[in-house]
Number of protein chains: 2
Amino acid sequence: MARLAGVSRATVSYVLNNTSAVRISEPTRRRVHEAAKELGYVPHAAARSLRAGHSRMVLMPAPTFPVGPLYGQFLSDLQVALGRLDYTVVQYGGAGPYGDEAARAWAELRPVAVLVPGAGLGPKGVTVLKRSGARAVVTLGPESVEGAHALLMDHEAVGHCAGSHLYDRGRRRIGVLVPEEDGLESFSTPRLAGVRHALHGTDATVTALPLGYEEEAAARLAARWRELGLDAVFAYNDEYAMLLMRALHDEGVRIPEDAAVIGADDLMLGRLLRPRLSTVHIELPSGRDLAELVDHAVRDPGAAPETHKVLGATVVHRDSS
Amino acid sequence: MARLAGVSRATVSYVLNNTSAVRISEPTRRRVHEAAKELGYVPHAAARSLRAGHSRMVLMPAPTFPVGPLYGQFLSDLQVALGRLDYTVVQYGGAGPYGDEAARAWAELRPVAVLVPGAGLGPKGVTVLKRSGARAVVTLGPESVEGAHALLMDHEAVGHCAGSHLYDRGRRRIGVLVPEEDGLESFSTPRLAGVRHALHGTDATVTALPLGYEEEAAARLAARWRELGLDAVFAYNDEYAMLLMRALHDEGVRIPEDAAVIGADDLMLGRLLRPRLSTVHIELPSGRDLAELVDHAVRDPGAAPETHKVLGATVVHRDSS
DNA sequence: TTGAAAGCGGTACCAA
DNA sequence: TTGGTACCGCTTTCAA
C-alpha cells in the first residue's frame, strides 16, 4: 500500500484518517487515495485496536433461550441504537461454554462493553471481563451481578399482575402454564412465583401445569381439565394461551365462563382470538435508552454499577378473563 | 505475565498453547499456569490473529428484514453448528451502510468467511471481502452473486406452490396479500410473482392486495371483499393469514366456501385456527449442512463457487382451502 | 529446555 | 510536509 503510493506507512495513516494534527499536501493525498482504491485497501481492525489499546466493540453473547418477537425487536432496536453511537455491535455466537467460562472467550476480543442477556454470568466472569479492559458490563436478566450494571427484568411482576387480575375477577382456583420448552425456565419459574406471591394469604389456590408446545399435549391437558377443577389459568404467554384456548374449546370448556385465560406479551395474535385474549403487556426499555446507558458507563467506568428495574407489566383486559 | 512467572513471553506462549513442537518442563508449566490464573490472564485475540495472518471468525451481517420464527431458528442452528466446527460466529450489527459499502466495514475484521443473508451484496463487495482474506463468501438470498457461493432461497417457488394449489382447488379469482411492512419486499415480491407465474396462461386472475399488519387495515380490506369478487387468497404467510381470516370472518365471509385462504411458513398457529389453515411448508437447509458447506469452502478456497437451491416448498392442505 | 528477536498492520511521536 | 521508528500482544524461528 505505502509502496504503491510511494510514500511511508505513516503518511498513509495520516491521509486515510484525516489526521488534523498533520497537514499533507494535496498531490500526496491523491496518490494515497488512488493507491488505496486500486488495491482495494481496507484497514485491519485488529491491528488498529491493538495499537490503540481499545476498541469500540460492544459484545453481546447470543441469548441461550428462544427469542420471541418482543425480545427480538428489542435486541434489534438496541443494535441500531448502539450503531448510531458509533459502536460496533458483535453478537457472539451460539453454543460453547457457559457463564464465567464463556466470559474468558468474550474477553479475548477485548470489547469495550459487554451486554449479557439472561442469567449465567457470575461475579467472577465480570471480573475477568473488567480486567481485560471492558469498561462496562451490563446484564439484562432476572438478577443483578456484583460489579455489573443490571437491567432487571423482573418476570415475577408479570405473574403477579396476572394473578392479581384473575383474583380480582373473582377466580380462586388458578392454574399456571409452565412451558416444557428448553431455556424458558428462567422466565417461567419467576412468572409462576409471581402468581403464587400475588395470591399468598388469600383463599385462592395455585396449580402449576407443565405443558409442551404441541397440540397433543394441550389436548391431554384439556381432557383432564374438569377433574383439575380450575376456574382460571395464566398461560405463560400469548402463544401458549392460544394453544390452550384451542384445546379447551375443542373440549367444550367455555372461556371465560368455565375458565378465564390470560396470556402475556400482548402480541397481535391475542387481539385476533375469540374471545379476545386478556394479556399482560410487557414494557421493555427502549433500545435507545439502553444504548445510552452503555455509552455513559463506557465514558465513566468509575461510576458505581446501577441496577434498574426495567420491566413494566400491566394487564390488558379483554374478553377471555 | 511473563515477568510474574519469571519466564519469557515465548515460554508462556508455548505453555498456554500446548505447543507440541516444544517440550517445556513440568515445573515451568505449573509456574506459568499459576501466574495466568493469578493475573486472570486472557490472550488477546486481535494480537493473535494479527500475527497468525488469519482467524476463524465467520462474519454474519445482521439481517435487514424482520426475522420470523422459521428463519430465526435456522440462524440459531447455524451458529451452533459453526461453533461445533470451531468457528467463532460474529453477527455484525444492525444499521449502517448497505451492500458493497458495508462490505468494507466487514472486511476490516478480516473474517475467514462471510455469510450474507438477503440481497444487497454485489460483486464488488465480494471482491473486497476476498481481497481482504475471506476464504469463503456465501449469500443466502433470492439471487446469486458473481464470485460467491449462493444458497438460493427461491420465494417464487412458495408463491408458485400456493397459486397452483388454489387453482387445483378450482379457484379462479385469486388475491395475493402483499405486506406493507418494511423489509419484506424481497420476500413478498417474488412470492407474488410466483403466483402470477403459476397461473400464467390459465383463465385465472391475480390481484395484489397490499396490507399493513394491523386489525384496522385488515377490516378495511375485508369490508370491500365482496366488491373485489375474489374466491381465494394467498396470504403471504400464516400470520397475515390469521389477520385476514379474522377480518373476513367478522365480515361474514365464509372460509373456505366464499374464499379459500392459504398461508406460508407452516407455523403452529395455523393448526390452531378454525378452519385449520392450509399453508406452504418451507424447508430450509439444516444449520449443520450449511456449516459444512462453509467449512469446505474455507478449506478449499480455490473451488468454483457453487449455487444451491435450498428452499423446499410444499403445500400442507388443511381446511381453509 | 528456554530466551532473544523479528514481524503481523497499524498509529503517533520526533526529527528532518 | 513527510519519513523513521517504537510499540501494541502474540507466535515462531533460531540460538544458546
Side-chain angles (χ1 to χ4, degrees), chain A residues 1-36 39-57 88 104-112 128 131-134, chain B residues 1-36 39-57 88 104-112 128 131-134:
Chain A
M1 167 69 211
R3 269 203 292 278
L4 178 66
V7 300
S8 74
R9 294 201 294 164
T11 308
V12 171
S13 177
Y14 295 143
V15 171
L16 264 38
N17 295 312
N18 268 317
T19 309
S20 52
V22 174
R23 295 194 47 74
I24 303 286
S25 70
E26 212 31 65
T28 308
R29 306 181 83 87
R30 262 209 316 282
R31 278 217 311 286
V32 170
H33 278 127
E34 276 164 19
L39 293 177
Y41 170 84
V42 174
H44 194 302
R48 176 179 299 183
S49 70
L50 181 58
R51 168 65 222 224
H54 60 87
S55 70
R56 286 190 66 82
M57 186 200 310
T88 294
R104 262 185 65 93
W106 307 337
E108 294 192 355
L109 298 184
R110 297 295 193 277
V112 68
V128 169
R131 254 206 297 234
S132 78
Chain B
M1 167 68 207
R3 268 205 292 279
L4 178 65
V7 299
S8 75
R9 298 199 292 163
T11 309
V12 171
S13 177
Y14 294 143
V15 171
L16 265 37
N17 295 313
N18 268 318
T19 308
S20 52
V22 175
R23 294 197 45 75
I24 302 286
S25 70
E26 212 31 67
T28 306
R29 305 183 82 87
R30 261 208 318 282
R31 276 218 310 286
V32 170
H33 278 128
E34 276 163 20
L39 293 178
Y41 171 83
V42 174
H44 194 302
R48 185 192 305 240
S49 69
L50 180 58
R51 168 65 222 230
H54 59 87
S55 71
R56 288 192 63 84
M57 185 202 309
T88 293
R104 262 185 65 93
W106 307 336
E108 295 191 357
L109 299 184
R110 298 294 192 275
V112 67
V128 168
R131 254 206 297 235
S132 79

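Residue numbers begin at 1 in each chain, while the letters A, B, ... track the order of the sequences. None of the values given here were measured: they were computed from a predicted structure.
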Point to revise | Nearest-0.5 Å distance that lies between atom OG in A:Ser132 and atom OH in B:Tyr41 | key: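 With rounding to 0.5 Å, OG (A:Ser132) is 12.0 Å from OH (B:Tyr41).
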Ignoring hydrogens, what is the shortest heavy-atom contact between [X] and [Y]? Give both atom names and the distance.
{"X": "B:Arg104", "Y": "A:Pro43", "result": "NH2-CD, 4.1 Å"}
{"X": "A:Thr19", "Y": "A:Ser13", "result": "OG1-O, 4.1 Å"}
{"X": "B:Val12", "Y": "B:Val32", "result": "CA-CG1, 4.2 Å"}

**Study point:** Nucleic acid footprint by protein, nucleotides 8-14 of chain C - heavy-atom cut-off 4.0 Å, B for base, S for sugar-phosphate alone
**Key:** BBBBBB-
Point to revise | Helical bend (five base pairs per end, nearest 10°) for the helix from C:dT1-D:dA16 to C:dA16-D:dT1 | key: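 The helix from C:dT1-D:dA16 to C:dA16-D:dT1 shows an end-to-end axis angle of 50°.
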For residues 21-30 of chain A, which side-chain donor-acceptor pairs fall under 3.5 Å, sequence neighbours excluded?
| residue | atom | partner | partner atom | Å |
| --- | --- | --- | --- | --- |
| A:Ser25 | OG | A:Thr28 | OG1 | 2.7 |
| A:Arg29 | NH2 | A:Asn18 | OD1 | 2.8 |

Review point. Okay, side chain of B:Ser55, backbone of B:Arg110: is any donor-acceptor separation there less than 3.5 Å?
Key: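 Yes, B:Ser55 side chain to B:Arg110 backbone: donor-acceptor pair under 3.5 Å.
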Practice item. Mark yes or no for whether A:Ser49, through its side chain, and A:Ala52, through its backbone, hold a donor-acceptor pair below 3.5 Å. Key: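 Absent.
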**Study point:** Outermost DNA chain D nucleotides near chain A [under 4.0 Å, heavy atoms]
**Key:**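 Nucleotide range in contact with chain A: D:dT1 to D:dG9.
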Check your understanding: Quick one: side chain to side chain contact (heavy atoms under 4.5 Å, CB included) partners of B:Leu50, sequence neighbours excluded?
Key ->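 With neighbours one apart ignored, the set is A:His44, A:Ala47, A:Leu50.
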Review point. So do the side chains of A:His54 and A:Val112 get within less than 4.5 Å of each other, counting heavy atoms only?
Key: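 A:His54 does not reach A:Val112 side chain to side chain.
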Check your understanding: How would you list all residue pairs meeting salt bridge (Lys or Arg N to Asp or Glu O under 4.0 Å) that involve residues 41-57 of chain A, not counting sequence neighbours?
Key ->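 Those involving residues 41-57 of chain A are A:Arg56-A:Asp86.
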